[in-house]
Amino acid sequence: MDGAKNESAEARESYKDVSSQKNGAKVLFATDDFFAVAENLLKEEEPEWNENYTEYGKWMDGWETRRKRIDGHDWAIIALSDPCELRSIHLDTAFFTGNFAPRFSVQAAHLVDDPKPIQDRRNKMGTAATDVELEKARELKSEDWDEIIPMTSLRSGHAETRKHVFEIANPRTYSHVRLNIYPDGGIARLRIFGSESTGRQLLLRSECVAFSNAHYGSPEVLLEASPSKGMHDGWETARKTERPWKIDLDDSGFIKAYGEEWAILRLETDVCIDDIQVDTTHFKGNCPDSVKIEAKLSNDEKLHSSDDSWITVLPKTKLVANRSNGLTSRNVVATKQPVNHIKVTIEPDGGLARIRIFGSKCRH
Ligand SMILES: NC(=O)NC(NC(N)=O)C(=O)[O-]
């Protein structure tokens, strides 16, 4: 990442601009659009200067929020034109000289269920998000999305300092971004460049080969495409009867030696896995402490959890209850060889709504 670099023409040529309105990117939500609306961030045209004033203040070509007199910071959620491997992010503070956002960060998620705009985005100028809109936006849990650019300072919108370029070192596929500005202010343009993840697919069907416990729901539904409808529409094990009264945690904060449950699923095709999402929606008081996912290629009809040579795709990872991606996909280790089975191990017990496996045909 290099905020001091000038805008790279190379990115514009080799990658797609997935944040441009013309290509179909959309603002789903912004905390505040007082001086100038967040849609301006997505315009393809270069920012303009105009002497005029609107009824709210100085006319500005960008997203500009009010000066905050309360706690918190402003943020906006943008649906990218296509899910893409994000390569670089370009910010332009043009003409925001005494009112540019001093710091920003970017978070991102790959959302499968394409959320609708949270606000009616017409006539937003002069307004801030209502409590109801804010509540709805919070349902996306975007504060937990992967941080792809940590909090970083911005420079003023003078000609020599306005352009900022940030390369993304480990590109992953994302469909939505959250732009945070700290605490408030203006940014003229946001450009996000990505490369299409060709051949990538969401693996939908699976067959459950074996499991340790499925008291309240079958592991087979874990790879369904549709969002889970409730706790009944997920894999949920019974509580372990031998439960300690006091629980010890290991150095990483995991519950120590309290047992596990597992399920093995056969995928519909052989793939190289490159991303996994674990969805704990609806499992609030019964979310597992952690999950681990392993994979393997096998024609054995009776695969069992004790079989060896499983490849770890998601190392043991702490889960967050009731989240559409209850962990960060940054922990996922892509498989270099094709696999056709996954083994999901939860500790100590509990329920999961969905597991989404992203993969593509392996190149040999
Ligand atoms: N002169 C200004 O730009 N003032 C304010 N901004 C606009 N757009 O009026 C502000 O305080 O940030």
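Start at 1 and go down the list; that is how both ligands and their atoms are numbered.
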> Between CD1 of Ile89 and CD1 of Ile192, what distance do you get to the nearest 0.5 Å?
4.5 Å
> For Glu347, is there an ion pair with Lys292 - N to carboxylate O distance below 4.0 angstrom?
no
> Please list the nearest protein heavy atom to atom 1 (N) of ligand 1 with its residue and the distance rounded to 0.1 Å.
Lys58 CB, 4.3 Å
> Tell me, which protein residue and heavy-atom name are nearest atom 3 (O) of ligand 1, and how many Å apart are they?
Asn99 ND2, 3.1 Å
> Answer yes or no on whether Lys58 is positioned over the face of Trp49, meaning its NZ or CZ is under 6.0 Å from the six-membered ring centre and within 45° of the axis.
yes
> From the options Arg356, His110, Arg172, select the one residue that forms a side chain to side chain donor-acceptor pair (under 3.5 Å) with Asp275.
Arg172
> Is there a nitrogen or oxygen of Tyr56 sitting under 3.5 Å from a nitrogen or oxygen of ligand 1?
no
> State yes or no: do Ile77 and Ile181 share one hydrophobic cluster built from I, L, V, M, F, W and Y residues joined by side-chain heavy-atom distances below 4.5 Å, directly or via other members?
no
> For side chain to side chain donor-acceptor pair (under 3.5 Å), just list the numbers for Asp74 and Thr65, CA-CA rounded to whole Å, side-chain angles, deciding distance to a tenth of an Å, and then say yes or no.
CA-CA 7 Å; Asp74 287 311; Thr65 68; 2.7 Å; yes
> Is Met60 touching ligand 1 with its side chain, its backbone, both, or neither, if touching means heavy atoms under 4.0 Å apart?
side chain
> Just to confirm my output: which protein heavy-atom neighbour is closest to atom 10 (C) of ligand 1, and how far is it?
Arg67 NH2, 3.4 Å
> Note the single closest protein heavy atom to atom 6 (N) of ligand 1, along with its residue, its atom name and the distance in Å.
Glu64 OE2, 2.8 Å
> Could you list which atoms of ligand 1 come closer than 4.0 Å to a heavy atom of Gly57?
9 (O)
